[in-house]
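Here's the structure, in structure tokens; my notes come after.
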Amino acid sequence: MALHIHDTLRGKKVKFAPRKKGEVRIYVCGPTVYDLAHIGNARPVVVFDVFTRLLRRLYPKVTYVRNITDVDDKINAAVKESGETIQAITERTTKIFHDDMAALGNLPPDHEPKATDHIDGMIELVKKLLESGHAYEAESHVLFSVPSMPDYGKLSKLNRDDLIAGARVEVAPYKKDPADFVLWKPSTDDLPGWDSPWGRGRPGWHLECSVMSEKFLGPEFDIHGGGQDLIFPHHENEIAQSTCAGGIGKDGGFAKYWMHNGYLMAEGEKMSKSLGNFYTVHELLDEFPGEAIRLALLKTHYRQPLDFTKVGIRQAKQELQRFYTAIRIAGDVEAKKVEPPEEIIIALEDDLNTPYALTHMHDITSDLNNATTDEEREKLKGKLIGAGQLLGIAQQIPVDWFRWQPAGTESLDDATIKILIAERNQARKSKDFAEADRIRDQLEAQGILLEDGAQGTTWKRK
RNA sequence: GGCGGGAUAGCCAAGAGGCAAGGCGGCGGUCUGCAAAACCGCUAUACGUCGGUUCGAUUCCGACUCCCGCCUCCA
């Protein structure tokens, strides 16, 4: 089975074929760096991380671009509120974003361009749109003329009349058509701005992705991804800007396929800052291992709505315990041929069916636990770890995984635990089970669980 | 009003027109000094409601209910 993905543009699952043989170019919308990433921001990062891992296995060359948007009115608002400089906010937020995403086991993209490094390109793009009659100037703004593009709305399946009918925001008076959107807007002195043919100003929201995707992937690339909420207006407007500025080829130009991940709720309610029921990745990482958070996201198919809960993370953590326990028990044999088994690849090739891939991982785990010969165990251990490679889980050394503890907890150090285990085993040897159990209970009270195995006593944290 | 996604066991969650995967949790057993882990077994009066198509639907169609979202700057 070849790779199939659900394409938002065509509205169905389709067979994937890259524009250039053996090469895949993918662009995913990254964060606007004004605040800590919440778990909803993490979903597309994790989803497309697994997806690009799969692509790299399937194709010799993959270029994955994910941008950082560091110019935006939300950033300006954050500046006003905190008094920090823009640079301080965007750099700090970017740093934390990187740390948080790494903690969730995400590999960095090949390129991570920043919007502010590409203002010149944006100005060029706006010029092109003006020259080709797809844009116009009005009151120091430059606007995209939606009526100039006959098939505007093809991604979101919204037509211009619907847009106008559903408008909840007052239409700016300088717009020729209510559906037109801003390409460039003027900045007052207290706002970030760049010199342009239309005066000092700053770019509209969608411009950066049009410019940076072309710069790193060319005017026609393969896949554009992001959260469902970006379909309209962001991606719709990117299509408008990029295709009307040129770069229209046989596949309609710009991205050939569009992939969007589903929405997230938190604890049964829609995530909302005003309700306070959203989790930042940062705070979650204090309480849970990043890998458990990652798995909680991958347990649900990426296009399904996901109700993200702490109970869900705990369940994910239990599943990881199972994988790592099996790997730990098989610690006496070398994993052989560590690479993703066929069934895992097949599951993921079917529009990234991570839940089904996980089912296979559990099957492999059962087989490993049931294996009787070392030869089988070597093979199955390799399969299990190989499967985890694609999903970005089960890659740690088991000891490290079992050692993890929440931030700020003060528990016994490894050396002390070792000593207590030795004392307990001494007691067991001399049949002083009361003392042995006392030590075990004492450790358990500190969150340390003991397991007496054939190869001695091992421990893990709850 | 327009457009889109969802509703499967205590919980999470795949799936296919023809006996309802998997995991977590729970229960019983084997193993263990006892545990834990592992293993074995059990754990859904049939998949939101009502109709329709069909030999047969939970899977297709229609209506409805509820939930989530988009309709100009939110992943």
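Lettering follows sequence order; numbering is per chain, from 1. A quick note: this is a predicted structure, and the numbers were derived from the prediction, not measured.
No donor-acceptor pair closer than 3.5 Å links the side chain of A:Asn106 to the backbone N or O of A:Asp49.
Spacing of P atoms, B:A75 relative to B:G17, comes out at 38 Å, to the nearest Å. Only the P atoms considered, B:U49 is 49 Å distant from B:C34, to the nearest whole Å. Here, B:A7 and B:A13 have their P atoms 10 Å apart, quoted to the whole Å. The gap from the C1' atom of B:G15 to that of B:C47 amounts to 11 Å, rounded to the nearest Å. The P atoms of B:A36 and B:U30 are separated by 13 Å, rounded to the nearest whole Å. Straight-line distance between the P atoms of B:G48 and B:U54: roughly 23 Å, to the nearest whole Å. Straight-line distance between the P atoms of B:G25 and B:C19: roughly 30 Å, to the nearest whole Å. With P as the reference atom, B:C55 and B:C42 are 36 Å apart, rounded to whole Å.
A ring-centre distance under 6.0 Å is not found for A:Tyr302 and A:His260.
Per the geometry, CD1 belonging to A:Ile364 stands 13 Å off P belonging to B:G23, to the nearest Å. If you measure from atom CD of A:Glu451 to atom P of B:G33, you get 16 Å, rounded to the nearest angstrom. A straight line from CD of A:Gln442 to C1' of B:A35 spans 17 Å, rounded to a whole angstrom. Between A:Asp307 atom CG and B:G69 atom C1' the separation is 14 Å, expressed in whole Å. Between the CD1 atom of A:Ile313 and the C1' atom of B:C11 there is a distance of 15 Å, given to the nearest Å.
Remark: A:Phe232 CZ is packed, more than 12 non-hydrogen atoms of other residues, nucleotides or ligands lying under 6.0 Å away.
Neither OP1 nor OP2 of B:C74 sits under 4.0 Å from any side-chain N or O of A:Asn41. The phosphate of B:C39 has OP1 or OP2 within less than 4.0 Å of a side-chain N or O from A:Arg322. OP1 or OP2 of B:A13 has at least one side-chain nitrogen or oxygen of A:Thr300 nearer than 4.0 Å. Of the side-chain N and O atoms in A:Lys270, one or more sit less than 4.0 angstrom from OP1 or OP2 of B:G69. Between A:Asn261 and B:G5 there is no side-chain N or O to OP1 or OP2 distance below 4.0 Å.
With both pairing distances under 3.5 Å, B:A16 is matched to nothing as a Watson-Crick or G-U wobble pair. Judged by Watson-Crick or G-U wobble contacts below 3.5 Å, the nucleotide B:C24 has B:G10 as its partner. Across every strand in view, B:G51 sits in a pair with B:C61 that passes the Watson-Crick or G-U test at under 3.5 angstrom. The partner of B:G56 cannot be assigned: no Watson-Crick or G-U wobble pair with both contacts below 3.5 Å exists in any strand. Checking B:C39 for Watson-Crick or G-U wobble geometry (two distances, each under 3.5 Å) identifies B:G29 as its partner. In this entry B:C3 has B:G69 as its Watson-Crick or G-U wobble partner, both defining distances falling under 3.5 Å.
The base of B:C34 sits within donor-acceptor range of the side chain of A:Arg440, with an N or O pair under 3.5 Å. Under 3.5 Å, the side chain of A:Asp452 and the base of B:C34 form at least one donor-acceptor pair of N or O atoms.
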Practice prompt. Could you check A:His362 against A:Phe323 for ring-ring contact (aromatic ring centres under 6.0 Å, His included), going step by step and ending with a plain yes or no?
Written response: CA-CA 8 Å; A:His362 277 107; A:Phe323 297 144; 4.7 Å; yes
Worksheet item: What do the steps show when you test A:Arg66 against A:Val45 for side-chain contact (heavy atoms from CB on, under 4.5 Å), and what is the final call?
Response: CA-CA 9 Å; A:Arg66 190 183 63 213; A:Val45 177; 3.3 Å; yes
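The 5' end of RNA chain B is approached more closely, in terms of each residue's nearest nucleotide, by A:Lys175 than by the other of A:Arg43 and A:Lys175.
Taking 4.0 Å as the cut-off between side-chain N and carboxylate O, A:Arg438 and A:Asp441 do not count as a salt-bridged pair.
Using a 4.5 Å cut-off on side-chain heavy atoms (C-beta onward), A:Lys460 and A:Pro398 make no contact.
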